[in-house]
Amino acid sequence: MTPTITAFERSPDRGRGLARDMRVRWALEEVGRPYDVRLLSFGEMKEPAHLELHPFGQIPTYEEGDLALFESGAIILHIAEHHAGLLPKDVNARARAIAWMFASLSTVEAPIVERSMATLLERDKTWYAERLAMLDERVCVRLGQLSSRLGRADWLDDVFSAGDLMMVTVLRRLNGSGLLEKFPSLSPT
Ligand code: GTB
């Protein structure tokens with residue numbers, strides 16, 4: 001059965017692939033699983049039919065047979081558990097890869113999202129510059145820690161995993177901020 005995911009009909013990023021369906025698309029492409037995409041308007045995302053799939057009226061969702069999932073992390077974990085290539089077979093290495101998935105979403109993505117929301121919604125406030133400096137600092141603390149751990153390695157834990165996939169999609173949200181460039185090992189070459 002071909003899974004169906006949902007994505008923005010018109011993404012505010014105008015096609016740069018920064019919305020969270022991109023990580024699900026990457027996971028499906030990585031494991032070679034064909035998929036369909038249902039594009040939704042902002043209005044459709046808040047209608048009962050979509051709220052049935054996603055209680056918060058967001059994208060992405062994932063439908064496969066009688067399974068419906070929301071939350072990009074849960075979707076990618078599901079894909080990774082059912083296909084080779086995104087999680088190591090060794091039990092401990094697998095647990096560490098899953099830890100990196102959680103770290104990317106809860107420890108790294110959170111300050112990045114807070115910063116990007118500020119740049120979208122608070123630009124006209126008198127205190128914007130001061131707040132942005134504080135949010136930049138919080139993001140840079142995490143980038144510094146991540147960069148220290150990564151060192152000169154290609155992957156977060158020995159071999160490529162869903163943890164790397166997730167972390168890359170989280171870091172891409174900083175493109176254009178000038179922050180990633182301070183940490184060459186985390187910047188695109
Ligand atoms: N925790 C959820 C997950 O990981 O799946 C978060 C899902 C989420 O935030 N979805 C966003 C959404 O549906 C799209 S990705 N928002 C609409 C709403 O809440 O009404 C966030 C996003 C949106 C746009 C850009 N962009 O244009 O650059 C980047 C990221």
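Note that this is a predicted model, so its numbers are computed, not measured. Note that ligands are numbered from 1 as they come in the structure, with each ligand's atoms numbered from 1 the same way. Below, all heavy atoms of this structure are taken into account, side chains as well, without hydrogens, waters or symmetry copies. Position 1 is the first residue of the sequence; numbering continues from there.
Atom 29 (C) of ligand 1 has L18 O, 3.6 Å as its closest protein atom, hydrogens excluded (heavy atom only). Remark: minimum distance from atom 4 (O) of ligand 1 to any protein heavy atom is reached at S72 OG, 2.6 Å. In this structure, atom 19 (O) of ligand 1 lies nearest to the protein heavy atom Q58 NE2, 2.9 Å. E71 OE1, 2.7 Å is the protein heavy atom nearest to atom 1 (N) of ligand 1. The protein heavy-atom contact nearest to atom 10 (N) of ligand 1 is I59 O, 2.8 Å. With respect to atom 8 (C) of ligand 1, the closest heavy atom belonging to the protein is R20 NH1, 3.3 Å. Atom 28 (O) of ligand 1 has its closest protein heavy atom at D13 CB, 3.3 Å.
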Item to check | Step-by-step side-chain contact (heavy atoms from CB on, under 4.5 Å) determination, E109 to R20 | outcome: CA-CA 11 Å; E109 188 171 51; R20 289 182 177 89; 3.3 Å; yes
Next on the checklist: For a side-chain contact (heavy atoms from CB on, under 4.5 Å) check, start with the C-alpha distance between L132 and R115, then their side-chain angles and the critical distance, and finish with the verdict.
Outcome noted: CA-CA 7 Å; L132 186 64; R115 182 191 183 280; 4.0 Å; yes
Checklist entry - Could you go step by step and tell me if T119 and Y128 meet the side-chain contact (heavy atoms from CB on, under 4.5 Å) rule? => result CA-CA 8 Å; T119 64; Y128 175 68; 3.4 Å; yes
Listed pairs under 3.5 Å, donor-acceptor, residues 160-169 side chains, sequence neighbours left out:
from	atom 1	to	atom 2	distance (Å)
S161	OG	G163	N	2.9
D164	OD1	L156	N	2.8
D164	OD2	S161	N	2.9
T169	OG1	R23	NE	3.2
T169	OG1	M166	O	2.8

Between side-chain atoms of residues 176-185 and protein atoms elsewhere (two or more places apart, or another chain), which donor-acceptor pairs fall under 3.5 Å?
from	atom 1	to	atom 2	distance (Å)
S177	OG	L174	O	2.7
S177	OG	L179	N	3.1

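Against a heavy-atom cut-off of under 4.0 Å, K46 is close to the following atoms of ligand 1: 18 (C), 19 (O), 20 (O). Atom numbering of ligand 1 starts at 1 in the shown order; those under 4.0 Å from a heavy atom of P60 are 5 (O). Counting atoms of ligand 1 from 1 in the listed order, those under 4.0 Å from a heavy atom of M45 are 13 (O), 17 (C). Less than 4.0 angstrom separates some heavy atom of P12 from each of these atoms of ligand 1: 27 (O).
Neither the backbone nor the side chain of R16 comes within 4.0 Å of ligand 1, counting heavy atoms alone. Only the side chain of F8 comes within 4.0 Å of ligand 1, judged by heavy-atom distances.
Between E130 and K125, no side-chain nitrogen of the basic residue sits less than 4.0 Å from a carboxylate oxygen of the acidic one, so the salt-bridge criterion is not met. In this structure, E44 does not pair ionically with R38, as no charged nitrogen and carboxylate oxygen lie closer than 4.0 Å.
The closest donor-acceptor contact from the side chain of H54 to the backbone of H50 lies at 3.5 Å or more, if one exists at all. Of the possible polar contacts, one joining the R172 side chain to the G17 backbone as a donor-acceptor pair under 3.5 Å is found.
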